[in-house]
Amino acid sequence: MTKLTRRIVIVGGGSAGWLTAGILAAEHSVSSDSGVQITLVESPDVNPIGVGEGTWPSMRHTLQKMGLSETDFVRECDAAFKQASRFDRWVTGENNDSYYHPFTPPHGFGEVNLASQWRALAPDQPFAEVVSHQPHLCAYGLAPKQITAPEWAAVANYAYHLDAGKFGQFLQKHCVEKLGVKHILDHVKGVKSADNGDIESLLTEAHGAIEGDLYIDCTGFSSLLLGQHFGVPFISLKDSLFCDTALAMQVPYPEPDSPVASVTISTAQEAGWIWDIGLPTRRGTGYVYSSSHTSDDEAESVLRHYLQDFDGNARKIPINPGHRELFWHRNCVAVGISAGFIEPLEASALALIELSAAMIRDELPVSREAMEIVSERYNERFRYRWDRIIDFLKLHYVLSQRSDSDFWLDNRKPETIPGHLLRLLELWRYRPPSRRDFHELEEIFPASSYWYVLYGMGFEQADVDQKRSDDPMLARQFFEENAGMTEKYIRGLPSNRQLIEHMVKHGIYKI
Amino acid sequence: MPNIQLLNNVDHKNLRVITDRSAEYGDNQWFAPTFAHEFRNLQSHYPIVFTKNPETGQFQAVALLGFEVDENLYLTDEGWDAMYIPLSIVRQPFLIGFQQNNEEGVTSVEPVISVNMDSPRISETQGEPVFLEHGGNSEYLEQINSLLKIVHEGHERNQDFVDMLLGMDLLESFVLDVELNDGSEHRMSGFYTINETSLRGLTGDDLVILNNNGYLEAVYMAIASLANISTLVEKKNRKMGL
């Protein structure tokens, strides 16, 4: 009989390792002998990177499916609610230059050409504010639901900001205590190959050889199995996305009850951009910059200036933008930073881990023969996803009108722009992005995300033809409905901090 | 803030309370908070459902009186059209307040009767006298006193009741779709009711715990009470002349 992949060995215990373990273990019956066995080996003295403090809305479903409680999650991971990204000073660099990319698609999206009607009916108002209630909720610092809403349910679509270190521990506890994941604290000091070139076992210091049928490499930048052992080449993205260094700093709130922003704020700077993420207990900030366009000292002074001369410790994190040529090779698949890393402009890191683990989960158990097919499909799909992430991040730079530094000028040089994106931009000069421009079932950035960035950044689109379906009355109705919803939500929703504090103090119900 | 005062026979010696049932006295509530031990009395008249208190986020049981804010379909020109009125309505304008006592160095918190002096029921000329001429309690006040105790005890146990229901997976959300005689459809959400599938699947131990706490009866009363939704719809049809 064909041998099936039942013994899964995950190496590395950061967010990537534990998220993957949880996603697999929640689906597969680890307790039965015929089920899939999951072991996570983690070095006792490696500090997880702790990047990726922002999630996508998909995280709600991911955690719920693991059988977690949202109340516990908020309490133990120092989590807060996130409803959008806000981009400041990306277009002109002026102080009043700001736009939103909310998680809720435009109201009436796909029903009528909202873009041409927005230009016709409400050209003076920002696009996102005309078609979505969420920028308004963010501006008021409001939560995405009331205290009476059940766990994981949303009034306004939301994701989280969280403490990545605590998140890893939280998942670990659940994986080990509830989901039957075996946890081994040990150093992996070598890899033993089988005759066919697969990994046969991992050699550890104290636990001898650990055997598995499938090895998941979650070892971060070191990419121990896929990169170091198999030597799968790394494809650098530095020619397209220049940011290669991050300088992170945690900032306390002035008061214990200071508002918690329900939006990730990204403020463009001369050689990159600063992220600003609100947790209940502190802000997480950092400057992501191109070391070819500025110096570390200059970068640090830019970050301190942004933080109004706050005197904290800055931690420098080198990032090597790019990904592996293959993600799944033989009986080894890399998930997380070991597969690739890119500046966190749209918080794609954790979302990619969720998608990776979900595809692995859905294909298990698999025979060794079928694994060739699975890995080929996996590589194809994730290469597509990486390409779309690169397109979408680059879009933010391509549409900028800033010319105050070489960083911005270089970013608009055609040779730095992926051809796929250039072709789409040419099409979009005459029509809005369509769902049919993106054909994957689980498209990483849907067409509506492109709308928010294009129209948020003042992309010039010609209204070449009034179509029968472009009904101004219908568009007006959607705009009015959005305004009505906005008003209703502003009246009915608590502040982001109120909801968090209620959950911490009293919890909310599952139903 | 409403003007809540500790009831006493000096400040309130001339106090009278209007006990007529009408919207002008604040009876136009579309639901009345209740508690497990009142379910038996309510169940033949009102649908009993659970909802979350928007102020606290906590579950509470309520008797439904209407389908929208300010609509009490049991109110008629002749008063309240049901044999039993929920205690949380009858107790108005009185409520339980808490007083700190200090006896021989030992502090204790004691429930005491308070009165909402902003209530439209407050009068000195009409209604039931609260105190007798020489300061003694009127029979009306004695009644209020005993029903406030029942209400207070009921609400004290509410958390326990709700926790037990949730722990046994006995609550589920439901959407009330109401169709009136004119064909118009109205949807009410945010309500919870007893999950009958879970109830039927309860094992011996859980049933005994529910029963010993007096909650098993309440659970069945709540289920039976849902028959009154059609009564409520009928009242709504009549009110709209349909």
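Residue numbering restarts at 1 for every chain, and letters A, B, ... go by the order of the sequence lines.
- In this structure, no portion of B:T51 lies under 4.5 Å from any heavy atom of chain A.
- Proximity to chain A (any heavy atom under 4.5 Å) is restricted, for B:Y192, to the side chain, taken from C-beta onward.
- Within 6.0 Å of CD on A:E487 lie no more than 12 heavy atoms contributed by other residues, nucleotides or ligands.
- The neighbour count for B:N101 CG, taken as heavy atoms of other residues, nucleotides or ligands under 6.0 Å away, is above 12.
- Scanning all heavy atoms of the two residues, the minimum distance from A:T148 to B:N53 falls at CG2-O, 3.6 Å.
- For OH of B:Y84, the number of neighbouring non-hydrogen atoms (other residues, nucleotides, ligands) closer than 6.0 Å is greater than 12.
- Residue contact with chain B, scored on non-hydrogen atoms closer than 4.5 Å, involves the backbone and the side chain of A:P150 alike.
- Taking each heavy atom of B:T56 and A:H502 in turn, the nearest pair found is O-CE1, 2.9 Å.
- Taking a 6.0 Å sphere around CD of B:E179, one finds it holds more than 12 heavy atoms contributed by other residues, nucleotides or ligands.
- With a 4.5 angstrom heavy-atom cutoff, A:I511 touches chain B via backbone and side-chain atoms both.
- Contact check for B:V162 versus A:Y509: side-chain heavy atoms found under the 4.5 Å cut-off.
- Both the backbone and the side chain of B:Q58 come within contact range of chain A, judged by heavy atoms closer than 4.5 Å.
- Within 6.0 Å of the CZ atom in B:R91, the count of heavy atoms belonging to other residues, nucleotides or ligands exceeds 12.
- Atoms NZ and CG, on A:K510 and B:L166 in that order, are 10.5 Å from each other to the nearest 0.5 Å.
- For CZ of A:R476, the number of neighbouring non-hydrogen atoms (other residues, nucleotides, ligands) closer than 6.0 Å is 12 at most.
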